[in-house]
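One structure is given here, and the rest of the page talks about it.
Just so you know, these numbers come straight off a predicted model, no measurement behind them.
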Amino acid sequence: MKVVLDCDPGHDDMVAIILAATHFELLGVTTVGGNAPLWRVTENALRILELLGRQDIPVAAGAAGPLMGVLPREGERVHGVSGLDGAELPRPTRSVVREHAVTFLIETVMRNPGTAVIATGPLTNIALAMRLEPRFARSVARLSIMGGSVTQGNVTPVAEFNAWADPEAAQIVFSSGARLTMCGLDLTRQAAMGPEEIARLRAVGTRTAGVTADLLEYYREASERLTGSRAVPLHDPCAVAALAAPELFEFRFAEAAVETRGAHTRGMTVVDQRHWEAPGADGRPSRPGLVRVATKVDAARLFDLVAEALAACP
Ligand code: BDR
Ligand code: CA
């Protein structure tokens with residue numbers, strides 16, 4: 001499967017890049033301001049691909065902030081000021097491509113029928129692509145996102161970071177009619193890594209495994225200080241694995257929308273659990289607003305998948 005990954009690395013985004021680069025023909029990585037400012041997450045994406053020896057994968061920089069308002073600084077609390085604190089990654093030997101991420105996404109998807117898009121940051125670039133090219137939403141073979149929640153949030157009682165960082169963009173995407181899979185917090189919290197799981201990744205022994213383990217340990221400790229939990233959810237890799245290894249997941253279809261106005265609920269994904277619905281005959285949501293929600297993941301097998309990917313890296 002051909003894939004473009006739109007992300008804001010970010011510790012868990014890094015693992016998503018590693019999984020995507022090993023499982024798919026990764027046509028490009030596009031970046032969006034989110035966990036850290038755009039220039040930092042873009043530099044991080046270049047450094048990660050440098051570490052992987054995958055300088056052949058183009059990186060395109062995208063939106064610096066949300067459609068409305070300013071980029072929140074909440075990401076710093078778990079990812080550090082750089083967006084990827086906790087280890088030193090190699091300096092990039094190249095730069096980003098000239099095209100803006102939104103142009104890159106549109107051109108890549110329109111020129112390569114069957115291309116899937118995975119989004120693990122705020123949905124600003126994806127929403128802009130849908131606005132600029134009205135055929136984009138229907139042309140993406142699959143759109144798998146990490147974002148939202150069926151129940152509790154993380155940045156607010158009800159809102160998850162990626163949806164909350166750009167609710168207008170998220171609502172454009174949710175109502176677009178794209179073949180959308182949502183990996184929200186209820187799912188990603190099932191894939192939480194404690195020190196033992198991180199040690200198992202380190203034991204894979206490659207340089208990439210060591211650096212990834214150092215980074216995940218930073219991320220885990222930062223998250224433990226905030227939440228009191230020893231285990232940190234490996235959010236973003238779920239959105240990659242939902243396409244790479246769907247047999248590890250359970251999915252249900254439901255109507256979902258993003259709250260953009262609520263005084264206490266802005267950024268909340270409102271999933272109608274009263275009516276789980278059947279997909280359309282072609283596997284697409286049978287009408288706009290219907291989303292394929294990943295509800296269960298086999299965490300042990302997901303971690304195996306990550307370990308295998310790290311073993312395949314330098
Ligand atoms: C999401 O927010 C970011 O901090 C992570 O990278 C993930 O994409 C989880 O709410
Ligand atoms: Ca992310």
Side-chain angles (χ1 to χ4, degrees), residues 5 7-24 26 29 35-36 40-41 43-55 57 75-92 118 120 146 154 183 185 187-242 244-245 248 297-314:
L5 175 60
C7 58
D8 61 336
H11 296 74
D12 52 337
D13 298 83
M14 169 169 173
V15 182
I17 293 175
I18 292 170
L19 268 190
T22 46
H23 280 270
F24 298 120
L26 188 54
V29 170
N35 285 325
R40 288 202 184 266
V41 298
E43 164 92 6
N44 292 344
L46 288 166
R47 283 179 181 253
I48 292 163
L49 290 168
E50 198 76 28
L51 176 72
L52 302 182
R54 293 301 307 270
Q55 297 89 336
I57 299 172
E76 253 181 45
R77 300 200 296 168
V78 274
H79 299 280
V81 176
S82 76
L84 203 53
D85 280 11
E88 197 58 36
L89 272 76
R91 277 177 176 279
I118 300 170
T120 62
M146 189 285 131
N154 53 5
C183 296
L185 292 176
L187 177 89
T188 62
R189 284 183 173 139
Q190 296 167 32
M193 286 201 135
E196 299 76 18
E197 284 81 19
I198 295 172
R200 227 168 284 142
L201 292 186
R202 188 184 301 284
V204 166
T206 59
R207 178 181 178 213
T208 306
V211 172
T212 304
D214 287 346
L215 287 165
L216 288 178
E217 193 47 39
Y218 174 95
Y219 179 49
R220 193 198 65 74
E221 284 169 19
S223 164
E224 184 173 5
R225 281 193 294 276
L226 277 178
T227 65
S229 168
R230 282 181 84 230
V232 64
L234 210 53
H235 303 287
D236 293 339
C238 290
V240 182
L248 306 189
V297 60
D298 184 333
R301 287 177 65 196
L302 175 71
F303 299 156
D304 286 348
L305 210 67
V306 173
E308 285 159 24
L310 290 172
C313 292

With heavy-atom distances below 4.5 Å as the criterion, would you say the side chains of [X] and [Y] are in contact?
X	Y	value
P195	E224	no
L5	F24	no
L234	L216	yes
R189	P233	yes
E88	R47	yes
D298	L302	no

Should H23 and L305 be marked as a side-chain contact (heavy atoms from CB on, under 4.5 Å) after you check the CA-CA gap, both sets of side-chain angles, and the distance that decides it?
-> CA-CA 10 Å; H23 280 270; L305 210 67; 3.9 Å; yes

Run the salt-bridge test on E196 and R200 with the 4.0 Å N-O cut-off and return the result as yes or no.
->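 Looking at E196 and R200, the cut-off is not met.
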
Is it true that R40 and E43 have a side-chain N and a carboxylate O under 4.0 angstrom from each other?
->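 Between E43 and R40 there is no salt bridge, as every charged N stays at least 4.0 Å from the carboxylate O atoms.
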
Tell me the closest heavy-atom pair linking [X] and [Y], and the distance in Å.
X	Y	result
T22	L19	OG1-O, 3.1 Å
L84	L215	O-CD2, 3.6 Å
G210	R202	O-NH1, 3.6 Å
M14	L51	CE-CD2, 3.8 Å
C238	L187	CB-CD2, 3.9 Å
C7	I17	SG-CD1, 4.0 Å

Is there a donor-acceptor contact under 3.5 Å from the side chain of [X] to the main chain of [Y]?
X	Y	answer
N44	S82	yes
R220	R230	yes
H79	H11	yes
T206	A311	no
E197	G194	yes

To the nearest 0.5 Å, what is the distance between [atom1] ([X]) and [atom2] ([Y])?
X	Y	atom1	atom2	answer
L310	L201	CG	CG	5.5 Å
L89	L52	CG	CG	9.0 Å
N154	L185	CG	CG	4.5 Å

Hey, which of V15, T188, V297, I18 is the one that makes side chain to side chain contact (heavy atoms under 4.5 Å, CB included) with P237?
->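 Among the candidates, only V15 passes.
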
Passing candidate, side-chain hydrogen bond (donor to acceptor under 3.5 Å, both in side chains) with T120, options D12, D13, N35 |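 Filter result, single survivor: D13.
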
